Structures are given as C-alpha cells and as structure tokens.
Amino acid sequence: MSAMNIVLLGPPGSGKGTQAELMQDRLGFVHYSTGDVFRDHIKRKTSVGFEIEEYVVSGRLVPDPVVLEVVNAFLAEHAGKPIVFDGFPRTIPQAEGMDQVFSGHGLKVDMAVLIDLAEDEVVERLTARRQCRKCRKIYNLRFSPPRQEGICDECKGELFQRDDDKEQTIRDRLKVYQEQTEPLIAYYEDHWKLERIAGELGRDRVYEELKRLVGAEQE
Ligand code: AMP
C-alpha cells in the first residue's frame, strides 16, 4: 500500500499544527505546513517572501497560484512519503489543484480530518499561543506553558507571538476561514473522505482519535 496523505482541516487554533507535529514525531509522517513555509520565506527575505508578506501579516489568504507553486516544489521532493498537510488546501481551487498534482504523481488524498472548534475558544487559544523562533515548537500559555517564561523547553530558543495572533487579526482570519475554507468540508464529504474530531477534546484525546483513524485506514 502506498504511503498515506492526510489533510487536516479546521479553524486557526484548532490544533492542526500541534497534531501534525505529533504525527510527525510518533507516526513517521512528514509535517507540511504552508504557514510555516511562508513565514520562513518572509524571514529569509526571498522573492516569494516579499510577494506574500502583506497577506500573511494581515491574515488574508495568499493567492492560489503562489500557494500551488510552493506545494509543487515540496511534492517534487517528498511525494510518496506519508504526509500530513496542515493549513493546505485552504480553498476549493487549491483542493482541485492538489488533486490534479497528486494524480500526476500517482497519489491521492486518503483522508481529510476536520478538527472543529467554536469561535470563542479559537480566540482564547490563539491569544495564548506562542511559538519558538528556532525549532518552531508551539506552546500555549494556558494548556502547555514553557517551564521558563519566554524560552523554549527543547532548544532554549526565544518564544514569540505571531503578528497574526492578535485579537482583531484572529477575528479576520476566522472570517476568511468561514468564507473560503469551510466549503472544503462539503468538498471532502462529497468525496467520502471526511472524518470529524471535536477540538474541545484537547490535545491528547484528539491525537488518540487521529491515530485510530489513520490506523484503521492502514489495516
Ligand atoms: P497558518 O500558519 O496555517 O495559520 O497560516 C498563516 C498564514 O499563511 C495564513 O493566514 C495565510 O496568510 C497564509 N497561508 C498559509 N497556508 C495558506 C494556504 N494554503 N493558502 C493561502 N494562504 C495560506
């Protein structure tokens, strides 16, 4: 059986990044986050970085052709490995583009998992989110604070708050999610591929559910 490709769907702050990281560490998936890739381009001041910065900082979506180009470059290197997609696709044209590119590589999306979370909980979680500048590990001041304030437990890197994790930008990102990304739920439902997990269950129980879904598919 070929390696599995999983798409994680859900509003910002639902725990997609955290779960994808666990799937990478414990289940051998490659964690692919378009958000991390874009933030890295901005940090390295590449031409893509200049092109996309205003979108990322304001919480609007990067145009589909730019996103698909970046994903294509990634797949040219990694297609065939088990991959968990975190934050991609975000629009119907991206999902269609993904299906097309995948079939070119002889691959398919095996499962989309929606991690759902209510709006108020999203805002509470995201304003408490911090990330390590060096190793990208994610903390939450409420659920999983670092041992020492502002410093990563793993690599001693500096923790920072993403510019787009400020309250007004979070509300804007949620609107973008509702308008542009939520239609993907029906898209994957129509293809018989959608599973749902309640984000309120918290990190460990969401992970157990994910592991069960992935395992069940692999048997
Ligand atoms: P994330 O880390 O997934 O929350 O993404 C942060 C920001 O990167 C988003 O608010 C968008 O500006 C941009 N971004 C990430 N993934 C995508 C995507 N698949 N399509 C368009 N924009 C994206």
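As a basis for the values below, the full set of heavy atoms in this structure was taken, side chains included, without hydrogen atoms, waters or symmetry mates. Since the structure is predicted, the reported quantities are computational estimates derived from the model, not experimental observations. Whatever order the structure lists ligands and atoms in, that order sets their numbers, starting from 1.
Salt bridge annotation for Asp164-Arg60: absent, with no cationic side-chain nitrogen under 4.0 angstrom from a carboxylate oxygen. For Lys211 and Glu208, the salt-bridge test passes: some basic side-chain N is under 4.0 Å from an acidic carboxylate O. Ion pair Glu167/Arg171 flagged as a salt bridge, since at least one NZ, NE, NH1 or NH2 atom sits closer than 4.0 Å to an Asp/Glu carboxylate oxygen. A salt bridge does not link Asp172 to Lys175: none of the charged side-chain nitrogens sits closer than 4.0 Å to a carboxylate oxygen. Salt-bridge formation is not detected for the pair Glu149/Arg130: no Lys NZ or Arg NE/NH1/NH2 atom is positioned less than 4.0 Å from an Asp or Glu carboxylate oxygen.
For a threshold of 3.5 Å applied to N or O pairs, the pair formed by Leu61 and ligand 1 contains no separation below that value. In terms of N/O distances under 3.5 Å, ligand 1 is approached by Gln94. For Arg39, a nitrogen or oxygen atom sits less than 3.5 Å from a nitrogen or oxygen atom of ligand 1, counting backbone and side chain alike.
Protein heavy atom closest to atom 9 (C) of ligand 1, with residue, atom name and distance, is Arg90 NH2, 3.4 Å. The protein non-hydrogen atom at the shortest distance from atom 23 (C) of ligand 1 is Phe38 CE1, 3.7 Å. Remark: minimum distance from atom 7 (C) of ligand 1 to any protein heavy atom is reached at Val56 CG1, 4.0 Å.
Near Val67, meaning under 4.0 Å from any of its heavy atoms, are these atoms of ligand 1: 19 (N), 20 (N), 21 (C). Atoms of ligand 1 found under 4.0 Å from any heavy atom of Arg173, numbered from 1 in the order shown, are 4 (O). Set against the non-hydrogen atoms of Thr34, the atoms of ligand 1 under 4.0 Å away are 15 (C), 16 (N), 17 (C), 19 (N). Applying the 4.0 Å criterion to heavy atoms of Arg162 picks out, from ligand 1, the atoms 1 (P), 2 (O), 4 (O), 6 (C). The contact set between ligand 1 and Arg60, taken as ligand atoms under 4.0 Å from a residue heavy atom, comprises 11 (C), 12 (O).
Residue Val62 touches ligand 1 through backbone and side chain together, judged by heavy-atom distances below 4.0 Å. Residue contacts with ligand 1, taken as heavy atom pairs separated by less than 4.0 Å, involve Tyr55 solely via the backbone atoms N, CA, C and O.
Here the side chains of Arg90 and Val67 are not in contact, with every heavy-atom distance at 4.5 Å or above. Side-chain contact between Lys134 and Glu158: absent, with no pair of heavy atoms (C-beta onward) separated by less than 4.5 Å. With contacts defined as side-chain heavy-atom distances shorter than 4.5 Å, the pair Leu9/Ile115 does not qualify.
More than 12 heavy-atom neighbours from other residues, nucleotides or ligands sit within 6.0 angstrom of CZ on Arg133.
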